[in-house]
Protein chains: 2
Amino acid sequence: MTDIEKRKYDELARISKALAHATRLYIIHKLDEQEYCVKELTEMIGADISTVSKHLTVLKNAGIIIDKKRGNCVYYKLQCRCVLSMFSCLTNVIDSNKDKMNFT
Amino acid sequence: MTDIEKRKYDELARISKALAHATRLYIIHKLDEQEYCVKELTEMIGADISTVSKHLTVLKNAGIIIDKKRGNCVYYKLQCRCVLSMFSCLTNVIDSNKDKMNFT
DNA sequence: ACGTTGTTTGGCTATTTGACCAAATAGGCA
DNA sequence: TGCCTATTTGGTCAAATAGCCAAACAACGT
C-alpha cells in the first residue's frame, strides 16, 4: 500500500467510522425525515443527552450532518443526502447474506 | 427507538463496523480486482499476517467476503459486489465536504 | 441580573479494537 | 512420517470508543 493509497483509505475509513454505530445510523435516518434538535433526538433515542450530543459531533466532524442554532436550540440536519444511499448499500449486504443462507 | 428499530440498526451497524477500517476497505478494493490469498494480501498491505487474517475474518463474518481453500492456501473473494457501491457513497461524502468548503 | 432550558465539555470507567508475537493447526510433498 | 509453507488462534498491551455524571456555557424570558 503506497503512501498515497494509505492516505486515501484512511480518509475513506474516517467517514465509514463515523457511520459505524447503531445510534448514529438511527440519527441519520431520523434527520432524513426532518431537522431535529438535540433534545428531540435524545428523547427518541433514550440515552443521556451528553451521549447523543457526542454522537452528533462525530457525524458533524465527518461532514455528514450540519448544525444550525435557532433560538435556544441547536438543530441538526443532513449535510449531504448521499449518505442515505449507504443504507441501501448496508441493506443490500444483509439481504445478500440472507440469500446466500438459503442455498445452504 | 423501539426494540424492533434497535435490532434493525444494530444489524446495520454490524455491517458498517466491518467496513470501518482503512485496511479492510483496501482489502475490499483489492478483492474487487481478483481473488487473493492471505499471504498475497499481507504483502500488499505490509502488516503482520495474523493482523491481516483477523481483518479477513471480520469481513467474512459480516458476509462481505467469502473464503475458499485451494491447495495450501486460503483464497478470499467478494461475496457480494454490492459493497463496492459503498466506496462511491463514501467518496460522495468526502467530495461533498470539499464542495462545501469551497463556498466558505 | 437571575432563573430556566438546552447544549457541550471534561472526567471517569468499562469495553472494544487493533497490533504484534508466539504457538497451534492444516495441507502439501519428500 | 516429518518437513515446509500458509493460515488461524491465543495472549498481551496500548489506544480508541462509548457510556454516564457533573460542571460549564449559551440564550431566552422575567
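Nothing here was measured: the structure is a model prediction, and the numbers come from that model. Numbers restart at 1 for each chain; the letters A, B, ... are given by sequence-line order, proteins then strands.
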Among E33(A), K39(A), E40(A), side chain to side chain donor-acceptor pair (under 3.5 Å) partner for Y36(A): E33(A)
Where the side chain of V38(B) is concerned, which of dC20(D), dA6(D), dT8(D) is the nearest nucleotide? dT8(D)
Just checking Y75(A): base, sugar-phosphate only, or nothing, at a heavy-atom cut-off of under 4.0 Å? nothing
Kindly state which residues belonging to residues 43-53 of chain A come within less than 4.0 angstrom of DNA chain D, counting heavy atoms of the residue only, listed by number. A47(A), D48(A), S50(A), T51(A)
For K54(A) and dA22(D), give me the distance from atom NZ to atom P, rounded to whole Å. 14 Å
Separation of dT5(D) atom P from K39(B) atom NZ, nearest Å, is 10 Å
Expected list for residues 11-29 of chain B near DNA chain D, using heavy atoms below 4.0 Å, is none
Let me check something: any side-chain donor-acceptor pairs from residues 73-84 of chain A under 3.5 Å, sequence neighbours excluded? List them with distances.
| unit_1 | atom_1 | unit_2 | atom_2 | d |
| --- | --- | --- | --- | --- |
| R81(A) | NH1 | D32(A) | OD1 | 2.4 |

Atom pair distance, as rounded to whole Å: OH in Y36(B) and C1' in dA6(D): 18 Å
Could you list the residues that satisfy ring-ring contact (aromatic ring centres under 6.0 Å, His included) with Y26(A), not counting sequence neighbours? Y9(B)
Taking distance alone, no hydrogens or angles, what donor-acceptor pairs closer than 3.5 Å link side-chain atoms of residues 49-57 of chain A to residues at least two apart or in another chain?
| unit_1 | atom_1 | unit_2 | atom_2 | d |
| --- | --- | --- | --- | --- |
| S50(A) | OG | D48(A) | OD1 | 2.7 |
| H55(A) | ND1 | R24(A) | NH1 | 3.0 |
| T57(A) | OG1 | S53(A) | O | 3.0 |

With a 4.0 Å cut-off (strictly under) to non-hydrogen atoms of chain A, the first and last hit nts on DNA chain C, 5' to 3', are dT5(C) to dG11(C)
Please check if L19(A) and I66(A) belong to a single hydrophobic cluster, counting links between Ile, Leu, Val, Met, Phe, Trp and Tyr side chain heavy atoms closer than 4.5 Å. no
In the single-linkage hydrophobic clustering (I, L, V, M, F, W, Y; side-chain heavy atoms under 4.5 Å), do V58(A) and L12(B) co-cluster? no
Given side chains that start at C-beta, do those of T91(B) and I15(A) come closer than 4.5 Å, heavy atoms only? no
Let me know, please, whether T57(B) or R70(A) comes out on the 5' side of the other along DNA chain D by nearest nucleotide. T57(B)
Counting the atoms with a prime plus P, OP1 and OP2 as sugar-phosphate, which does K69(A) contact under 4.0 Å by heavy atoms, base, sugar-phosphate, or nothing? sugar-phosphate
